[in-house]
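Values below: every heavy atom of this structure, side chains too, minus hydrogens, waters and symmetry copies.
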Amino acid sequence: MEFYLNSRFIWVLLFWLFILTSCKNEEKLIKEPIKTNVEYQMYQPSEMAGFMNAMYAYNLQLKAQIIAGDQPSSLPLDLIKLHSAEMSNGKSRTQNWQNFINVFIASQEAVVDTLSNFEIKERYNAAISNCLNCHKTECTGPIPKIKKLMIQ
Ligand code: HEC
């Protein structure tokens, strides 16, 4: 009995030793690639950053069409992706994001609503204002670039 207990104790000890050392090994394995990846991550935008840039390009094109007197009616971007797209490291959907996102989506969809009673320029500028409203707290870097999207 005593022998049985002792050997079980040793097995448990060996088991934990194995777990502890294997965790350490894993940490090393995970840490090293991250260090070398830092440079890559700077050049590789997150899914969300990529989508934001697509929204920027889309609105730049809308602006040109509206100034030219067109009534654009297509919205080729799937705005629902804003709810699922992965953000850059360390960023997450804050309360502020949650407050602004649906208002923004509705206003961006309203730009191409050909039945609206509001002038297209007003609807477009309202959508861009909503980009800015969220950016004031979530990601301030692109604000000057987004401001240039406004139609004066
Ligand atoms: C609800 C909040 C919110 C709204 C609305 C919003 N953005 Fe963003 N935007 C963000 C966040 C957060 C990031 C950072 C994403 C990341 O780094 O993963 C970002 C990033 C960006 C970037 C930088 C992408 C890069 O290369 O790093 C641009 C440009 C941008 N947004 C433009 C726009 C435009 C144009 C609109 C409106 C058509 C808009 N955003 C609407 C929150 C928002």
Side-chain angles (χ1 to χ4, degrees), residues 12 14-152:
V12 169
L14 281 176
F15 172 75
W16 280 111
L17 216 73
F18 172 75
I19 292 287
L20 287 174
T21 49
S22 62
C23 282
K24 269 184 193 144
N25 285 344
E26 237 171 46
E27 256 174 51
K28 262 183 216 156
L29 279 177
I30 291 168
K31 262 180 196 159
E32 277 162 23
I34 285 177
K35 269 183 203 153
T36 53
N37 267 345
V38 167
E39 245 178 298
Y40 279 116
Q41 283 170 354
M42 288 184 152
Y43 297 105
Q44 214 167 51
S46 65
E47 191 186 357
M48 182 66 83
F51 195 76
M52 288 282 167
N53 283 321
M55 289 207 298
Y56 175 83
Y58 167 67
N59 279 292
L60 198 63
Q61 175 216 313
L62 273 186
K63 179 182 177 178
Q65 284 179 297
I66 294 168
I67 289 173
D70 286 351
Q71 294 272 330
S73 59
S74 77
L75 174 50
L77 296 168
D78 182 6
L79 298 181
I80 298 305
K81 280 208 182 114
L82 288 165
H83 288 300
S84 63
E86 245 181 78
M87 295 189 181
S88 306
N89 274 352
K91 289 203 184 96
S92 58
R93 287 167 177 74
T94 59
Q95 187 55 52
N96 198 55
W97 166 283
Q98 306 290 0
N99 293 344
F100 283 117
I101 192 61
N102 288 323
V103 177
F104 165 71
I105 291 176
S107 68
Q108 181 78 75
E109 285 171 349
V111 179
V112 293
D113 176 6
T114 49
L115 299 175
S116 171
N117 294 322
F118 294 97
E119 242 195 280
I120 188 155
K121 179 185 152 186
E122 305 309 324
R123 281 179 276 138
Y124 171 84
N125 278 342
I128 303 303
S129 299
N130 283 325
C131 305
L132 291 167
N133 282 338
C134 183
H135 272 265
K136 266 177 211 154
T137 58
E138 296 309 293
C139 169
T140 53
I143 287 179
K145 192 174 153 181
I146 299 173
K147 274 190 178 157
K148 287 191 196 137
L149 285 175
M150 296 289 275
I151 299 176
Q152 300 306 317

Compare every heavy atom of [Y] with every heavy atom of [X], then report the nearest pair and how far apart it is.
X	Y	value
Cys139	Pro142	O-CD, 3.3 Å
Val111	Ala127	CG2-CB, 3.9 Å
Ile146	Cys131	CG2-CB, 3.8 Å
Arg123	Asp113	NH1-O, 3.1 Å
Ala126	Ser107	O-OG, 4.3 Å

For the [atom1] atom of [X] and the [atom2] atom of [Y], what is their distance to the nearest 0.5 Å?
X	Y	atom1	atom2	answer
Lys148	Ile143	NZ	CD1	13.0 Å
Gln98	Cys134	CD	SG	10.0 Å
Ile101	Asn96	CD1	CG	11.0 Å
Asn133	Ile128	CG	CD1	11.5 Å
Ser116	Gln71	OG	CD	9.5 Å
Tyr124	Glu119	OH	CD	14.5 Å

Mind checking whether [X] and [Y] have side chains closer than 4.5 Å, heavy atoms only?
X	Y	result
Leu79	Phe51	yes
Tyr58	Gln108	yes
Trp97	Lys91	no
Ile105	His83	yes
Ile66	Pro72	yes
Asn99	Gln95	yes
Met52	Leu82	yes
Met48	Arg93	yes

Exercise for review: Return yes when atom CD of Glu86 has more than 12 non-hydrogen atoms of other residues, nucleotides or ligands closer than 6.0 Å, and no otherwise.
Suggested key: no

Under 3.5 Å donor-acceptor, [X] side chain and [Y] backbone:
X	Y	result
Lys81	Glu47	no
Asn130	Phe100	no
Lys121	Ile67	no

Check your understanding: In terms of side-chain heavy atoms, does Thr94 have a donor or acceptor partner in Glu138 at a distance below 3.5 Å?
Key -> yes

